[in-house]
Amino acid sequence: DLFGKSMFEETLTQIFQVLQAGDEELEKYVSEIGPIAARKMKDMADRLIKEDLQVDIKWNSPSGKIYEWQGTTPRLGALKTNLNQIESHDPKVFSVEGRVKMISSKGKFRIDDEENEEEYEGKYSPNIKDSIEDLSIEDEIEAEIEKVITENLTTGRKKIKYRLKDISYI
């Protein structure tokens, strides 16, 4: 991508974050990988448990960091149980007109919708880098934003995540 990190590397990093997360962190990381990936990870853990299999996963990242996770039967059970407690709702996409308040080279954005008195802050997709290159603070824009709500069914805590899908000048 524009900032030197591949989508593949980012995805594997997020998967290891979920695998290694404690109870407090899990909601955050599940919201980052999204509902489909979370369901697939839960299904994988369930299948491994049913087949009485264990798994060792190791990845040497391009940055040199080594990620490791041992999927023993108890850890797979805990992963499945923890993922069952987290519900990530299907994404909702909506349009908004507003002003750019922040756009960073690290893939983050903040847009102020003055008309509805709302502020949206989150990450943007690498595939819209061409659309954001010429943006400046206070530019009036129209944006397409994806909203994902992740909820811990045990505690009732909800996390809302926004992802900028598209943006253009008004």
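Just so you know, residue 1 is the first one in the sequence shown, and it goes up from there. Because the structure is a prediction, the values reported are computed rather than measured.
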query: So, D139 side chain and L135 main chain: donor-acceptor pair closer than 3.5 Å or not?
result: no
query: When you check the gap from the basic side-chain N to the acidic O, do D46 and K50 get nearer than 4.0 Å?
result: yes
field: Linked, directly or transitively: Y67 and L26 (ILVMFWY side chains, under 4.5 Å)
entry: yes
From CE (M44) to CD1 (I49), nearest 0.5 Å: 9.5 Å
task: Check the pair E115 / E97 against side chain to side chain contact (heavy atoms under 4.5 Å, CB included), numbers first and verdict last.
output: CA-CA 8 Å; E115 184 176 313; E97 289 184 7; 5.6 Å; no
Extract all donor-acceptor atom pairs below 3.5 Å that involve side chains of residues 51-60 and protein atoms in other chains or at least two apart in sequence.
none

- prompt: Does the pair S61 and L12 meet the rule for a side chain to side chain contact (heavy atoms under 4.5 Å, CB included), with working shown?
  reply: CA-CA 9 Å; S61 74; L12 283 175; over 6 Å; no
- prompt: Checking Y29 side chain against I15 main chain: does a donor-acceptor pair fall under 3.5 Å?
  reply: no
task: Quick one: pull up OG in S125 and CZ in R163 and give me the separation to the nearest 0.5 Å.
output: 5.5 Å
query: Do I167 and V93 belong together in a cluster built from hydrophobic side chains that touch within less than 4.5 Å?
result: no
task: Without swapping roles, check the side chain of N116 against the backbone of D113 for a donor-acceptor pair under 3.5 Å.
output: no
query: Does any pair with a residue in residues 136-160 pass ring-ring contact (aromatic ring centres under 6.0 Å, His included), and if so which ones, sequence neighbours excluded?
result: none
- request: Report yes if the side chains of V100 and I132 come closer than 4.5 Å at any heavy-atom pair, otherwise no.
  value: no
- prompt: Going hydrophobic residue to hydrophobic residue with side-chain gaps under 4.5 angstrom, can you get from M41 over to V148?
  reply: no
query: How long is the span from the CD1 atom in I103 to the CD1 atom in I111, to the nearest 0.5 Å?
result: 6.5 Å
statement: In short, S88 meets V30 closest at the heavy-atom pair CB-CG1, 4.2 Å
task: Examine Y124 and I137 and state if one hydrophobic cluster contains both, with Ile, Leu, Val, Met, Phe, Trp and Tyr joined whenever side-chain heavy atoms are less than 4.5 Å apart.
output: yes
message: Strictly below 4.0 Å, N to O, side chains only: are E32 and K161 in salt-bridge contact?
response: no
- prompt: Among pairs that include at least one residue of residues 75-111, which meet ring-ring contact (aromatic ring centres under 6.0 Å, His included), considering only residues two or more places apart or in two chains?
  reply: F94-Y120
task: Run the salt-bridge test on K101 and E138 with the 4.0 Å N-O cut-off and return the result as yes or no.
output: yes
query: Which pair of non-hydrogen atoms, one from S63 and one from E9, has the smallest distance, and what is that distance?
result: N-OE2, 4.3 Å
task: Show your reasoning for whether side chain to side chain donor-acceptor pair (under 3.5 Å) applies to E27 and N152.
output: CA-CA 7 Å; E27 293 168 46; N152 184 316; 3.1 Å; yes
task: State whether the number of non-hydrogen atoms from other residues, nucleotides or ligands found under 6.0 Å of R39 atom CZ is greater than 12.
output: yes
From I128 atom CD1 to E144 atom CD, the distance as rounded to the nearest 0.5 Å: 10.0 Å
Connected via hydrophobic side-chain network under 4.5 Å: I160 and L164: yes
statement: Rounded to the nearest 0.5 angstrom, the NZ-OG distance for K159 and S31 is 5.0 Å
field: Donor-acceptor contact present, side-chain T155 to main-chain R157, <3.5 Å
entry: yes
task: Report yes if the side chains of K80 and L76 come closer than 4.5 Å at any heavy-atom pair, otherwise no.
output: no
field: K158 side, atom NZ; E151 side, atom CD - distance, nearest 0.5 Å
entry: 4.5 Å
query: Is the shortest distance from a Lys or Arg side-chain nitrogen in R99 or E114 to a carboxylate oxygen in the other one below 4.0 Å?
result: yes
task: Return the minimal non-hydrogen interatomic distance between W69 and Q20, and the atom names on each side.
output: CD1-CG, 4.2 Å
- request: Decide yes or no on side chain to side chain contact (heavy atoms under 4.5 Å, CB included) for K108 and E121, but give the supporting numbers first.
  value: CA-CA 8 Å; K108 296 182 179 181; E121 186 171 351; over 6 Å; no
